[in-house]
Novice: 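Got a structure for you, questions after.
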Amino acid sequence: MKQRGVLVTGGAGYIGSHVAKQLGEKGEKLVVLDNLSTGFKESVLYGNFVEGDTGDMNLVGRILKDYAVESVLHFAAHTIVPESVSNPLKYYGNNTCKTRNLLQCCAEAGVKHLIFSSTAAVYGIPEGDYAEETSPTQPINPYGSSKLMSEMMLRDLSAASALTHVILRYFNVAGSDPDGKIGQSTRNATLLIKVAAEVAVHKREKLCVFGTDYPTPDGTGVRDYIHVSDLADAHIQALAYLRQGGRSLTLNCGYGHGYSVRQVIDAINKVNGAPIKVEEYPRRPGDPPQLVAAVQKIHDVLDWHPKYDDLEFIVKTSLDWEQKLLQRPASA
Ligand SMILES: NC(=O)c1ccc[n+]([C@@H]2O[C@H](COP(=O)([O-])OP(=O)(O)OC[C@H]3O[C@@H](n4cnc5c(N)ncnc54)[C@H](O)[C@@H]3O)[C@@H](O)[C@H]2O)c1
């Protein structure tokens, strides 16, 4: 039997490369499509790499046919929230319009399954302590809106065709491959653990903490940090679920509990063996005090058993990768 192909868009990026690694280790027939706008070719360890754009329908159509693609994992997107506020059309263009083109190619080629990288940003500022998959979706920035619109298109296409999908709404993804082969190389990163690790290796001068008077135990914001390799495994399980005939659904991806900014800083200082420089600033508009996933549904539906639910381990893998990047200034 001809092996069924898997297309990974954005597979040279942080999360896509970790998922492609796990798919490759399982012997999947992989093709990675990435325009390298924020990704790195050297992060693609398995499969065939095609440099190109998800909006290029001729190219995507050809890939789907040549590799007999049965399943698509769609990571390609722009991801910087403040940039989406200053340049919204860039985000609607790349994240929404190009997803629409990709979906059309999938429909024309008869792709069976699609797994979509969505985000907790679709919830905006959730009421209550946990965001449920059924909580209202009211994004507060164009990045979240661009992703929510993609979710809507995907649901509508599945309703109108044989395509089945899993939408995974990631919370705060952090850490790097425990084997040390790949990691988060993102330039000008804005996410807390990556930035803190850069301060620890003196790539940045200081860590800015925004808001110390939230109604949380220590006054700083609380987030649900999920290790990237556990998140990658959720994709493997979602693909297995769809291949077994599972129906389309949307799942939160987090551990279901959060850590404050101060707890993250304490973990970094402990693993680093020395304190990092921190400066405190007022709250930023639009930052919720707490954003933590309700995770009952993902555990009910997928055979997913996270292995790295440990803040110090997450921070350690992040710091180890940052040390590695110091030896490779070209990709840093
Ligand atoms: N990092 C997080 O904490 C987080 C949280 C929630 C959701 N997500 C989602 O996960 C996905 C991956 O994010 P990431 O953190 O790995 O970001 P990333 O920037 O490292 O990866 C995105 C990849 O997509 C590629 N790309 C972008 N537009 C493309 C296009 N039009 N055609 C082809 N390739 C294109 C980039 O070159 C890059 O390699 C995104 O869809 C993002 O919205 C990330």
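None of these values were measured; they are calculated from a predicted model.
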Novice: Out of L59, N35, L36, which residue meets the side-chain contact (heavy atoms from CB on, under 4.5 Å) rule with E51?
Specialist: L36
Novice: Could you check whether R283 pairs with D287 (Lys NZ or Arg NE/NH1/NH2 to Asp/Glu carboxylate O, under 4.0 Å)?
Specialist: no
Novice: Look at the rings of Y143 and Y91 and say which category their plane angle falls in: under 30° parallel, 30 to 60° tilted, over 60° perpendicular.
Specialist: perpendicular
Novice: Knowing that exactly one of V228, T38, L191 qualifies, which makes a side-chain contact (heavy atoms from CB on, under 4.5 Å) with Y14?
Specialist: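 Output: one option passes, namely V228.
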Novice: Could you tell me whether E42 and K324 have a side-chain N and a carboxylate O separated by less than 4.0 Å?
Specialist: no
Novice: Is atom NE2 of H202 surrounded by more than 12 heavy atoms (other residues, nucleotides or ligands) closer than 6.0 Å?
Specialist: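 It does not: H202 NE2 has 12 such atoms or fewer within range.
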Novice: More than 12 non-hydrogen atoms from neighbouring residues, nucleotides or ligands closer than 6.0 Å to CD on E127, yes or no?
Specialist: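 Atom CD in E127 is not crowded, with 12 or fewer foreign heavy atoms closer than 6.0 Å.
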Novice: Salt bridge between E322 and K203, side-chain N to carboxylate O under 4.0 Å?
Specialist: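 Between K203 and E322 there is a salt bridge, with a charged N closer than 4.0 Å to a carboxylate O.
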Novice: Compute the ring centroids of Y259 and H257, then answer whether they are less than 6.0 Å apart.
Specialist: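 For Y259 and H257, the ring centres are under 6.0 Å apart.
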Novice: Tell me, yes or no, whether the heavy-atom count around K316 atom NZ, taken from other residues, nucleotides or ligands under 6.0 Å, exceeds 12.
Specialist: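 Open: at most 12 neighbouring heavy atoms sit under 6.0 Å from NZ of K316.
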Novice: Would you please test F75 and I115 for side chain to side chain contact (heavy atoms under 4.5 Å, CB included) and show each step?
Specialist: CA-CA 9 Å; F75 299 91; I115 298 174; over 6 Å; no
Novice: Could you verify whether a donor N or O on one side chain and an acceptor N or O on the other, from S117 and Y170, lie under 3.5 Å apart?
Specialist: yes
Novice: So, for F116 and H165, is the gap between ring centers shorter than 6.0 Å?
Specialist: no
Novice: Checking Q184 against T186: is there a side-chain donor and acceptor pair closer than 3.5 Å?
Specialist: yes
Novice: Between T250 and R155, do the side chains contain a donor N or O and an acceptor N or O under 3.5 Å apart?
Specialist: yes
Novice: Is a side-chain donor-acceptor pair under 3.5 Å present for H18 with S229?
Specialist: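 No, because no side-chain N or O of S229 sits under 3.5 Å from a partner of the opposite role on H18.
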